[in-house]
Amino acid sequence: MSSLLVRHASVLVSMDDHRREIVDGGLFIRDGFIEQIGPTAGLPQTADEILDLSDHILLPGLINTHHHFYQTLTRVVPAAQDANLFNWLKTLYPIWARMRPEDIRISTQTALAELALSGCTTASDHLYLFPNGSHLDDEILAAHQVGLRLHASRGSMSLGESKGGLPPDSVVEDEDSILKDSQRLIETYHDPTPGSMTQIVLAPCSPFSVTGDLMRQSAALARQYGVNLHTHLAETQDEESFCLQKFGYKPVAYMEQVSWIGPDVWFAHSVHVNTEEMRLYGRTGCGVAHCPTSNMRLASGIAPVMEMLKWGVKVGLGVDGSASNDGSHMLEEVRQTMLLARLNAGLHGASLSGEAAPALMTARQALELATRGGAAVLGRKDLGSLEVGKCADFFAVRLNHLTLAGGLHDPVAALIFCSPVHAEYTVVGGKFVVKEGKLVTLDRPRLIEQHNQAAKRLLNA
Ligand SMILES: [Zn+2]
C-alpha cells in the first residue's frame, strides 16, 4: 500500500461530469487510484509522499489515440518533406524496411519521452511493419521501462505492389503469420482490467495496404478476445479513389462490408466523411482519432470535428507518426485542434458575431477531446478524468512560464491558447514519469544520442 497526496494546485481541472475546476485543489491517491479529490483543506494531511503544486495547474493525463513511434527516426526526411500521403509513403517505405529491433526500442522511448513531457499518460501506437526480425514485443517492453500506459496496435500490411497495393512487396507479411502473431500478442500481453498498463489492438494498416479478407479475419479474432480494432480511414481523396476503384465502395461503406463498424473500432483521421457517415459513426459507436497536424502537414484536408461531435461521435486526438507531424507534443495537438476547427468553421461561414451561436471550438472543448474523448475512443472507463476510483494519471504545469504571462486570469484556456509548454510533473498510476521537468525513467542525453545514430544509419544505408 502506498499513498501520494497532491495538494495546493492553483487550479485542478477534473474533467468530471460537471467539469469541475477546483481552486487550491488536490488528490489523495492510494495504490495508483484516486481515493479523494477536492479542495486541499478537505484532504488528508499526510501520506507516504506529498507533492505541493502551489503555482501549478493540474489536469487529467492526456491520451494520445494515434501514433507511429518508429517514425521519430524519419522526421523531416528531405524527399518526404513536401509530399502528399501516397508519395510520402512511397518515399519512406524503403527506409523503414531497414529498421531493426533496437530501432523499434529506441524510437518507442523517444516518442514516449516527448509525450510524457507534454502531459500525455496513455498512448496508442500503430506499428505495422516488422522488418529484420522486429516484433511488437520490442515496443511493448521498451514502453514498460518508460511507464506510460500503452495500447499497442499489432498493425499489418499484406497487399503489396504486385497485388495492386501501395507498399513494396518487401514490407508486407503473409496473412496467416499476421493472424497467428496477433493471437500470440493478445494472449501474452492484453490486460483488460482497470488500471491496465498494456492492451493489444488489431490494426491492419489501411484499405490500400491489406486485403478485405485480412480485415474480416482480424475483426473476427479481435471480437473473439474482446480487443479493439483500429485502422487509417478516409484520410485522403487518393484513398477514396483507390477504394472506389478497387472495391467499388467509399472507405466507410467498405468498412461496413468487412464488419469494421462498432463500438470496438476507431479510425485514424476520417477527414473525408459526409454527414451520413458521421451519423453512422455516432449511431454505432465508432471512434475517431483526429490528427490535425498530420492532416495539415500532408495537405490531406480538414476533418469536420465539430459536426462529428454534433452526431455523438467519440473523438480523441492523435499526434500521428513523427514523419508527418514531426513531433509528439500533445498540448500542441490540442491547440492545433482548436485552431483548425475554427478555421473550418470560418471557411464554412460560421457566424462569428451576433445572435447565432458561433460554432467555434473552445479551449476546454479541445482539452476534453484529449482527455475524456481519448478515453472513450480507447474504451477506457478508468481514464480521462480525475474522479474517485479512476486511475491517478495526471500532469501539472508551472504557471510562471514566460509564454503564459498575462493569461493567468484563465489558466486553463491559457494552456491551450498560448504557445505549448512542457509538463513539470507527469504521473501515471501514482508513479512519477516526469518530476521537476525531468524524465525519471530515461537517460535523456543518452537516448538522444542513440536515436540520432539510429536515424543516421537508416537514412544513409
Ligand atoms: Zn497514422
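Values reported hereafter were calculated over all heavy atoms of this structure, with side chains retained and with hydrogens, waters and symmetry mates removed. Counting starts at 1 for both ligands and their atoms, in listed order. The residues of the chain are indexed from 1 along the displayed sequence.
Taking the N/O/S atoms of His66 in turn, the shortest distance to the Zn ion (ligand 1) belongs to NE2. The atom name of the N/O/S atom in Asp320 closest to the Zn ion (ligand 1) is OD1. Restricting His68 to its N, O or S atoms, the one at the least distance from the Zn ion (ligand 1) is NE2.
The closest donor-acceptor contact from the side chain of Glu173 to the backbone of Ile178 lies at 3.5 Å or more, if one exists at all. Between the side chain of Ser14 and the main chain of Leu386, no donor-acceptor pair closer than 3.5 Å is present. Between the side chain of Ser300 and the main chain of Met296, no donor-acceptor pair closer than 3.5 Å is present.
The Zn ion (ligand 1) has an N, O or S atom of His232 closer than 2.8 Å.
Thr293 is not listed as a side-chain neighbour of Val319, based on a closest heavy-atom distance of 4.5 Å or more.
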